[in-house]
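Values reported hereafter were calculated over all heavy atoms of this structure, with side chains retained and with hydrogens, waters and symmetry mates removed. This structure is a prediction, so every number in the text was calculated from the model and none was measured. So that the names make sense, note that chain A is the first sequence line, chain B the second, and so on, each numbered from 1.
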Number of protein chains: 2
Amino acid sequence: MSTRQKLVDGMADLLWERGYVGTSPAAILERSGVGQGSLYHHFDGKQDLAVAAIQANAEILKQAARETLVPPGHAYERLERFLLRDREILRGCRIGRLTQDPEVYVNEALRRPVEDTFQWMRARLSEVIATGQQLGELEDAVDPDDMASAIVATLQGGYVLARAEHDESRFAAAIRGLLALVHSQVRQP
Amino acid sequence: MSTRQKLVDGMADLLWERGYVGTSPAAILERSGVGQGSLYHHFDGKQDLAVAAIQANAEILKQAARETLVPPGHAYERLERFLLRDREILRGCRIGRLTQDPEVYVNEALRRPVEDTFQWMRARLSEVIATGQQLGELEDAVDPDDMASAIVATLQGGYVLARAEHDESRFAAAIRGLLALVHSQVRQP
DNA sequence: GTCTATACCCCGATAGAC
DNA sequence: GTCTATCGGGGTATAGAC
């Protein structure tokens with residue numbers, strides 16, 4: 001692996017674990033196993049590397065969503081597959097955790113890829129729900145965009161609950177609750 | 001207001017805005033309008049002050065929940081009142097944001113009041129839901145604790161979505177989606 | 001391209017006067 | 001109880017050799 005790639009991967013992990021303000025150049029170098037000079041040769045500085053690392057983390061999330069949201073299956077089954085995919089619960093969300101970082105929140109270069117990822121995710125879920133409603137698989141009592149927002153929010157909040165209590169099962173409970181509510185939208189044949 | 005109280009209030013605001021690792025003693029003093037010596041006279045240090053400030057923030061949240069979850073009203077109306085109460089969306093949750101702080105997550109003294117607050121909130125919501133089911137106001141298709149977890153998670157995630165896009169309406173959309181799903185549990189008379 | 005050495009500043013805490 | 005002065009350490013970036 002290239003030195004540049006080692007830096008991006010190390011930074012991506014640290015952003016996930018500690019956020020932007022909680023990650024120092026020294027920690028990046030130690031995690032990546034490269035020397036001081038390499039960081040400032042390949043990137044303008046911490047922020048520049050962070051943008052690349054955030055994009056790498058976003059791509060991982062998007063790929064996992066693509067793999068689970070596709071057919072086969074009715075809308076409910078596709079949503080269920082997405083919600084129940086394997087996750088490292090207590091580590092939280094690689095992208096969502098950054099919304100709480102005070103520097104990311106006010107820095108457009110850092111926040112932009114975060115915003116893009118949430119918009120993308122919401123659009124994909126909304127498509128699945130709208131298609132399900134059109135095919136008569138789901139009741140159309142709930143606006144697809146609102147339901148997609150509630151699903152993404154429950155995921156993000158599930159991580160919060162689990163981390164608050166150091167207990168993965170709090171995430172599972174929230175997802176069970178949501179799935180039970182969504183299941184009430186499945187149209188009986 | 002006492003100097004001690006100024007310190008607690010200033011720290012509570014900064015923990016909300018910037019988290020624990022993002023808050024420096026210098027910022028605390030500036031926000032509180034007190035001198036360097038006062039901090040270390042009234043508290044052992046940053047951590048000790050933070051514990052007091054987290055408890056102060058938790059009490060604000062609990063009071064708002066008490067005021068909205070009480071009767072009058074059927075279970076759905078009480079949940080709706082709780083979910084739609086006035087909030088400073090883009091500032092995020094005073095308590096939930098701390099779950100993403102790398103220091104709070106690993107420090108029991110800091111995390112304990114966060115965990116306690118989430119357990120308390122979930123228990124109050126679960127009571128409202130279980131009572132509603134017993135009174136026949138709600139279907140009993142969803143476990144009360146799971147539904148309470150989904151509600152708290154959607155709130156927490158709603159803040160995440162809004163902050164990711166610098167747009168309060170993303171919070172509102174998630175809550176609308178959740179309320180529409182919860183409304184499907186209201187038993188028709 | 002990568003290394004070591006170093007600059008400069010702010011972080012969190014302490015000292016000691018008043 | 002509050003103040004100013006100061007400490008040791010680590011955060012972020014740069015210099016310059018190889």
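- With rounding to whole Å, B:Asp48 atom CG is found 15 Å from C:dG12 atom P.
- Along DNA chain D, the nucleotide closest to A:Ala26 and the one closest to B:Gly33 are compared, and the more 5′ of them pairs with B:Gly33.
- Separating the NZ atom of B:Lys6 from the P atom of D:dG1 is a distance of 15 Å, rounded to the nearest angstrom.
- As rounded to whole Å, 16 Å separates atom P of C:dG1 from atom CD of A:Gln5.
- The environment of A:Glu30 atom CD is sparse: at most 12 non-hydrogen atoms of other residues, nucleotides or ligands sit within 6.0 angstrom.
- Protein atom CD1 of B:Ile28 is 8 Å distant from nucleotide atom P of C:dG12, rounded to whole Å.
- Close to C:dT14, at under 4.0 Å from its OP1 or OP2, lies no side-chain N or O of B:Tyr40.
- Going from atom CD of B:Gln36 over to atom C1' of C:dA15 covers 11 Å, rounded to whole Å.
- Remark: A:Arg170 engages B:Asp145 in a salt bridge, criterion side-chain N to carboxylate O under 4.0 Å.
- For B:Leu39 and C:dC11, the CG to P distance is 13 Å, given to the nearest whole Å.
- Using bins of under 30°, 30° to 60° and over 60° for the plane-to-plane angle, the ring pair B:His183/B:Tyr76 lands in the perpendicular bin.
- Nucleic acid contact for A:Ser2: none, since no nucleic acid atom lies under 4.0 Å from a heavy atom of the residue.
- In terms of phosphate contacts, B:Ser38 brings a side-chain nitrogen or oxygen within less than 4.0 Å of OP1 or OP2 of D:dC3.
- Cation-pi geometry between A:Arg97 and A:Tyr159 is not satisfied (NZ or CZ under 6.0 Å from the ring centre, within 45° of the ring normal).
- Listed nucleotides D:dA13, C:dG12, C:dG1 differ in distance to A:His42; the shortest reach to its side chain belongs to C:dG1.
- Rounded to whole Å, the distance from NE2 on B:His41 to C1' on C:dA17 is 16 Å.
- The distance from atom CZ of A:Phe43 to atom C1' of D:dA13 is 16 Å, rounded to the nearest whole Å.
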